[in-house]
Amino acid sequence: MAVAIHINHVKKQYDDNVVIHDLSTDIKPGELFTLLGPSGCGKTTLLRMIAGFISIEAGTILFDEKVINDVPVHKRNIGMVFQSYAIFPNMTVYRNVEYGLKNKKLSKEEIKKRMEEILRIVQLTEYKDRYPNQLSGGQQQRVALARAFVVQPQVLLMDEPLSNLDAKLRLEMRAVISGIQKKLGITTVYVTHDQEEALAMSDRIAVMNNGDIYQCDVPERIYSRPYNTFVANFIGSSSMIDGVVTSSNDVTGIRLATGMEIVMQNVVPLEIGRKVIVSIRPEEFVIVPEGKGKKGVVKLKQFLGRNIKYEIQFEDGTEIEVCSDTNSTERIYESGEDIYITVNTKRINVFDSESKRTLIEGVQSNV
Amino acid sequence: MFKRKGRGFLQGYRIDFWDVITLISMIFFGLFLIYPVSRLVVNAFQTKGAIGEISIGNFIKFFSKPYYRNAVLNSVKVTFFATMLTIFIGVTLAYITTNFKIKAVKVINVLIIISMFSPPFIGAYSWILMLGRAGVITVFFQNVFGITLPTIYGFNGILLVFTLNLFPYIYMYTKGALKKVDKSLGEAAESLGDHGIKKVIKVSLPLITPTILAGAAIVFLRAFADYGTPRLIGEGYIVMPVLVYNEWLSETGSNAFFASAVAFIMMIIAVVVFLLQMHFSRKNYNMSMLNPPEPKKLKGIGNILAHVFVYFVTTLSILPTIYITIISFKNYKGSIMIDGYSLTNYVLVWAKAKSSIVNTFKFGITAIIVIVLLGTMFAYVTVRKRNPFSRSLDACVQLPYVIPGTIYGLMLLISYNSGLIVLTGTATIIIIAYIIRRMPYTVRSSASILRQINPNIEEASLSLGYSSLPTFFKVTMPVMIPGIVSGAILSWITVIQELSSTLMLYTGKTSTMSTAIFQEVNRSSYGTASALATILKIVMISSLLLFFKLTGNADVDM
Ligand SMILES: Nc1ncnc2c1ncn2[C@@H]1O[C@H](COP(=O)(O)OP(=O)(O)OP(=O)(O)O)[C@@H](O)[C@H]1O
Ligand SMILES: [Mg+2]
């Protein structure tokens, strides 16, 4: 039942402004596929092309084998969930959810059965006779979810469905959405600019910028092996340090601007003198005893409970952010103290300083 | 909406319900607006002697004869002074009622709204009955004090009627704007040492000027276009709408070409005023409503003066209505009022003018249904479907604002009295006039309701398998309904009282209440005229009350 979505070389422009130049990707049947990227990168635009609300200037979109470019929205068999909920203000919860079902030529019993089931899943059974203005934001969004899920669409499209909710509710709703999505196995395209949300919920993530997909992979790989510096920066926070290749045998030696020397075992062969950018996440730095690493000065210490966060400055002026696990730490450093740092070379990433692409072996942009 | 680029022409293009509506709107406005306007323009540049040749003969004739030239001057003069007076009264009244506590201000408000929705020609004839040659007040002053009051006929009377009928527009607009002037602004000015009148001139006035100008333009266009008032009370004071009517129905033989030329000049003036207003009120301040001014209690002489002003103006504006209601129960012998009260006039009306009452309802209801259906759908196209067609539709919709009723009637007559479609003398032509003349208001109010509706709810419906037609009727329409209904009631109120185009278009069989009143006044049958006018007012006021009930407060948003 679940369909695959194939997006082949699509282009979108508004008047002279080309928003999406040439974008291709494939979404697998039944997966929760997330479009992640900064504001204005074209996530909504791509989603609305799949939905059929806006035209496609070039290229094709297919549901399985069927080109849907010219299929009108109401014949695409999709479900749509909006950031603004978009539930019908003139209908009760029950009527809202039932709306799409009534169009499906189902028997009365079938409708009733499905309605009971979905209302139970989204926990709205006791609210079914309320009007939208008598519901909280979270309840309204659950109505919207139920309304989209109940028709069992081929494809489910969600545009930042949780961004109007408060933090606690967001966590709760994440679970609700993934839960139903997995249960019904509907191919889902999910738009968000919240990286944590994307990492937590997705089967695969497409990181977008400037109307293009920069990397498409499973969350773990997106996080640990970003394809370029944009992705590295966008997902989590990293210290970006310039470096230069100093030796190139079985292993590659790199000298960082901080004066640190590191040895990488998993980069592609590089000639000596090649300029690189090394991105290191706060937890990829290691605090070591005096003399065993590069010396820096603690500028700021924040105790966060499970973690301790330091802002550290090296002699050359480079500032980095270091995060250490409270449980495994030897001692806590105060600001003004000297501290010695090395890096966990198995985890860090190295990029070409010109193309900004990764130099780690075997990392692809599109998986 | 349009075909997708890069694929064969029109390949895969699907005709949407809204394309059909756009097409219908094009045909509709083409037939009943663009075509009539162009017929009129073409007529204006032809003369009776040489049909088919372009000539400016009509205009030469117009500007060479003082009689015609004076009509322009008269029109502009009385309209200008009326506009000035309405601004003065309207703004003062709005300022007083928003800033100071006035007793029974709600009642005042309702009375002003009622007089705003009363057709001016009824006011005109009521004033004639009070202040005319044999008017009660005139006679009273003559007999008791031996004073001869200045004449009500001509410039004075027209000015009086226009001012009292139209100041409510300025009042409503200004009040709306003043409510949005932040209280703290005035307080800030006060703390800097500007008090009272100085504060008004320095702080409030610049903020509300665009609104006042918009209201003034409406007043100007209405006064300029009004036929009934100058016709009844103007006597020798000929203004342009009267001239058009006279030239069209002149005893020496109707001259459609010359009438068209006069109409053309009128439209040019109206367009200029309209554009000026657009230009000057473009600078619209967006004001916060966080802190609306609260009415303060005035003390001493100021308090008395404020009350006197408000009550005096309101009384004057509602006086014609009250007087007409009273005399509708008075016994009449022909045109002479005699002693005693009874329902005779109403009985007579029922016998004589029943069909005009029935017609008013028939035409009004038909027109309103069409206006609501087409108006909301046209509004939908202009708001949600941005393309060259919808933009030209937007422009078409504005056009009727600047076409006076008499002129629009004339256009329809010259367009549809012969040829493929003949409509003169039918009820249809009157209903069309109502629809076109009222369409701009409906489209504008529906459009503003639509802009407040999240388009996502329509998209949700589409995604759930409903195409655009059922989506509109199942989702968009129901959400718009409260706004549509209240807008429809206001349209209804204006439609049932329409005079100027109906007067051009009606025949014996298609007379309405307003034309019947007008004819009864012309025949000096004041008793029956008043009875009819009272019935009309009762319908109007009960519709207004329904409107208040539906919108939940006794006010009309402008
Ligand atoms: N109707 C439109 N006309 C012109 N330009 C548009 C239109 N809609 C979107 N754009 C432009 O297309 C680009 C992509 O917009 P889009 O809404 O897809 O961004 P987004 O990734 O969804 O951003 P956000 O996270 O803020 O929702 C933006 O630069 C935007 O200005
Ligand atoms: Mg978006």
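Letters A, B, ... mirror the listed sequences (proteins, then strands); counts begin at 1. Since this is a predicted model, take the numbers as computed values, not measurements.
- Within the structure, the salt bridge (Lys or Arg N to Asp or Glu O under 4.0 Å) test picks out the following pairs touching residues 88-99 of chain A (sequence neighbours left out): R95(A)-E98(A).
- Put simply, the side chain of E459(B) reaches to within 4.5 Å of the side chain of F53(A), judged on heavy atoms.
- For the residue pair A460(B) and A86(A), the shortest heavy atom distance occurs at CB-O, 4.0 Å.
- The salt bridge (Lys or Arg N to Asp or Glu O under 4.0 Å) check on E110(A) picks up K113(A), R114(A), with sequence neighbours excluded.
- Taking every heavy atom of both residues into account, Y466(B) and Y99(A) meet most closely at OH-O, 2.5 Å.
- Across K474(B) and M91(A), no two heavy atoms sit closer than the pair O-CE, 3.9 Å.
- Around NZ of K66(A), the count of heavy atoms belonging to other residues, nucleotides or ligands within 6.0 Å does not exceed 12.
- Heavy-atom pairs under 4.5 Å with chain B peak, among L157(A), I78(A), I87(A), at I78(A).
- Scanning residues 448-458 of chain B against chain A with a 4.5 Å heavy-atom cutoff picks out N454(B), N456(B), I457(B), ordered by number.
- The two atoms that bring N103(A) and L464(B) nearest to each other are ND2-O, 3.8 Å, heavy atoms only.
- S461(B) places a side-chain heavy atom less than 4.5 Å from the side chain of F88(A).
- The CG atom of L469(B) sits 10.0 Å away from the NE2 atom of H74(A) when rounded to the nearest 0.5 Å.
- For chain B, the nearby parts of R147(A) are the backbone and the side chain; heavy atoms of each come within less than 4.5 Å.
- Residue L101(A): no heavy atom, backbone or side chain, is found under 4.5 Å from chain B.
- For the salt bridge (Lys or Arg N to Asp or Glu O under 4.0 Å) test, no residue two or more places apart in sequence or in another chain qualifies with K105(A).
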